[in-house]
Amino acid sequence: MERSSLTKMTEKEALRSQILRAARELFVDEGYRNVSMRKIAGRIGYSATTIYLHFRSKGELVNCLAEEMMEKLVNAFQSVQGENLDPIEELRRMGEAYVRLASEDPSGYRIAFMMETDLWNKPEDYLQEGSHALRAYRMILKTVESCIKSRHLVGEEVEAAAQAVFAAIHGLVALWLTYPTFPWASKERLRQMVIDAAVEGILAE
């Protein structure tokens, strides 16, 4: 490939990253509905036309940012699952990885899990085939199913159990992000208690 073509690709990727960074900041600061493509363009000193050359809509921008966060989550889960742990311990570690990722990238977490948009109105909008979001969800389901099998329980609904565990953990993270000045007890202890209660709850006979 010619040097000029490589330079153009590099410049294109650099601008794309710049657009995503500006969009992330604006979405977190002002909310999805208060941000326009023109406002994103103005943040980085370009015209809205330039933004549309890279992203068709602000909805596509949100999806891209959410998928970036989901890819990080998949990588975190893969790291845990690569340790060949007991499935119950693996689920606990996945919960810890989830909390850690949210703490390391609160802006990304807000966009992926907490930001109100008009994009995901139907069940099929959420977990699209081939997405990192679906990969992460299936990893959770697989681990929860293994936990249930390891305790020889019958009649458990795997999907409901998986959603219950991570709804509890999300609740903790969302509270921390929404009320950062609240006089929380030890966050490490809170995290441990919430994860243990959620995991033990789905294993109770």
Side-chain angles (χ1 to χ4, degrees), residues 13 16-17 19-21 23-25 27-28 32 54-56 58-117 119-150 156-177 187-188 191-192 194-196 198-199 202-203:
E13 287 302 311
R16 180 182 172 86
S17 297
I19 293 167
L20 285 169
R21 188 164 54 250
R24 171 197 281 251
E25 293 170 357
F27 285 140
V28 171
Y32 175 80
H54 296 267
F55 298 95
R56 290 170 295 180
K58 69 174 183 177
E60 186 177 347
L61 273 166
V62 168
N63 280 325
C64 188
L65 290 167
E67 271 290 277
E68 284 184 355
M69 188 66 178
M70 292 300 182
E71 183 177 11
K72 292 178 182 178
L73 189 60
V74 167
N75 291 338
F77 285 169
Q78 285 179 331
S79 178
V80 171
Q81 293 182 342
E83 297 179 20
N84 297 316
L85 302 167
D86 167 88
I88 296 169
E89 181 59 25
E90 179 175 282
L91 184 59
R92 287 194 173 96
R93 295 280 187 88
M94 288 172 72
E96 291 171 359
Y98 183 99
V99 175
R100 185 167 55 252
L101 179 59
S103 300
E104 291 172 352
D105 188 2
S107 295
Y109 187 87
R110 287 180 185 277
I111 290 171
F113 293 101
M114 296 175 65
M115 191 171 67
E116 184 180 356
T117 74
L119 299 176
W120 303 304
N121 297 315
K122 304 183 295 295
E124 59 269 26
D125 293 336
Y126 288 87
L127 299 169
Q128 296 181 5
E129 197 63 45
S131 67
H132 291 296
L134 184 58
R135 286 186 65 196
Y137 189 57
R138 284 174 172 167
M139 292 169 84
I140 295 168
L141 290 176
K142 181 180 178 181
T143 300
V144 168
E145 186 173 28
S146 295
C147 287
I148 291 169
K149 286 180 179 178
S150 74
E156 281 285 357
E157 299 177 35
V158 172
E159 199 153 19
Q163 291 175 8
V165 170
F166 280 86
I169 298 170
H170 165 74
L172 177 65
V173 171
L175 283 171
W176 282 351
L177 294 181
K187 286 192 173 183
E188 182 177 351
R191 182 197 67 207
Q192 180 184 3
V194 168
I195 292 173
D196 285 350
V199 173
I202 67 167
L203 297 173

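The analysis underlying the following values was restricted to heavy atoms, covering all of them including side chains, and did not include hydrogens, waters or symmetry mates.
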Shortest non-hydrogen contact from [X] to [Y]?
| X | Y | value |
| --- | --- | --- |
| Glu67 | His132 | OE1-N, 2.8 Å |
| Ile195 | Glu96 | CD1-N, 3.5 Å |
| Gly95 | Ile169 | CA-CD1, 3.7 Å |
| Leu73 | Ala136 | CD2-CB, 4.1 Å |
| Ala97 | Val80 | CB-CG2, 4.3 Å |
| Lys58 | Tyr32 | NZ-O, 2.7 Å |

So, using salt bridge (charged side-chain N to carboxylate O under 4.0 Å, His left out) as the criterion, who are the partners of [X] when residues are at least two apart?
| X | value |
| --- | --- |
| Asp86 | none |
| Glu83 | Arg93 |
| Glu25 | Arg43 |
| Arg110 | none |

Any ring pair (Phe, Tyr, Trp, His ring centres under 6.0 Å) involving residues 66-93? Give me the pairs, sequence neighbours left out, ordered by first then second residue.
->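 Every candidate ring pair (Phe, Tyr, Trp, His ring centres under 6.0 Å) pair involving residues 66-93 fails, so no pair, neighbours aside, qualifies.
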Which residues pass the side-chain hydrogen bond (donor to acceptor under 3.5 Å, both in side chains) test with [X], sequence neighbours left out?
| X | result |
| --- | --- |
| Tyr109 | Tyr98, His170 |
| Asn75 | none |
| Arg100 | none |
| Asp105 | Arg24, Lys72 |

A side-chain contact here means heavy atoms from C-beta on lying under 4.5 Å apart; do [X] and [Y] qualify?
| X | Y | value |
| --- | --- | --- |
| Val173 | Phe113 | no |
| Leu20 | Cys64 | yes |
| Arg138 | Leu134 | yes |
| Glu188 | Arg191 | yes |
| Gln81 | Met94 | yes |
| Val62 | Met115 | yes |

State the [atom1]-[atom2] distance between [X] and [Y], to the nearest 0.5 angstrom.
| X | Y | atom1 | atom2 | result |
| --- | --- | --- | --- | --- |
| Ser131 | Glu129 | OG | CD | 7.5 Å |
| Glu60 | Leu119 | CD | CG | 11.0 Å |
| Ile111 | Leu61 | CD1 | CG | 9.5 Å |
| Ser107 | Arg21 | OG | CZ | 13.0 Å |
| Ile88 | Thr143 | CD1 | OG1 | 11.5 Å |

Show your working on side chain to side chain contact (heavy atoms under 4.5 Å, CB included) between Glu68 and Leu65 and close with a plain yes or no.
-> CA-CA 5 Å; Glu68 284 184 355; Leu65 290 167; 4.0 Å; yes
Counting N and O atoms only, with roles assigned by atom type, does the side chain of [X] sit under 3.5 Å from a partner on the main chain of [Y], one being a donor and the other an acceptor?
| X | Y | value |
| --- | --- | --- |
| Glu89 | Leu85 | no |
| Ser17 | Glu13 | yes |
| Glu90 | Asn84 | no |

Under the ring-ring contact (aromatic ring centres under 6.0 Å, His included) test, which residues partner Phe55, sequence neighbours left out?
->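 Not a single residue meets the ring-ring contact (aromatic ring centres under 6.0 Å, His included) criterion with Phe55.
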Run the side chain to side chain contact (heavy atoms under 4.5 Å, CB included) check on Leu127 and Trp120 step by step: do they pass?
-> CA-CA 10 Å; Leu127 299 169; Trp120 303 304; over 6 Å; no
Kindly list each side-chain donor-acceptor pair under 3.5 angstrom involving residues 158-165, sequence neighbours excluded, with atom names and distances?
from	atom 1	to	atom 2	distance (Å)
Glu159	OE2	Tyr137	OH	2.8
Gln163	NE2	Tyr137	OH	2.7

Can you list every pair that meets salt bridge (charged side-chain N to carboxylate O under 4.0 Å, His left out) and has a residue in residues 160-176, with sequence neighbours left out?
->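 Counting only pairs at least two positions apart or across chains, no salt bridge (charged side-chain N to carboxylate O under 4.0 Å, His left out) contact touches residues 160-176.
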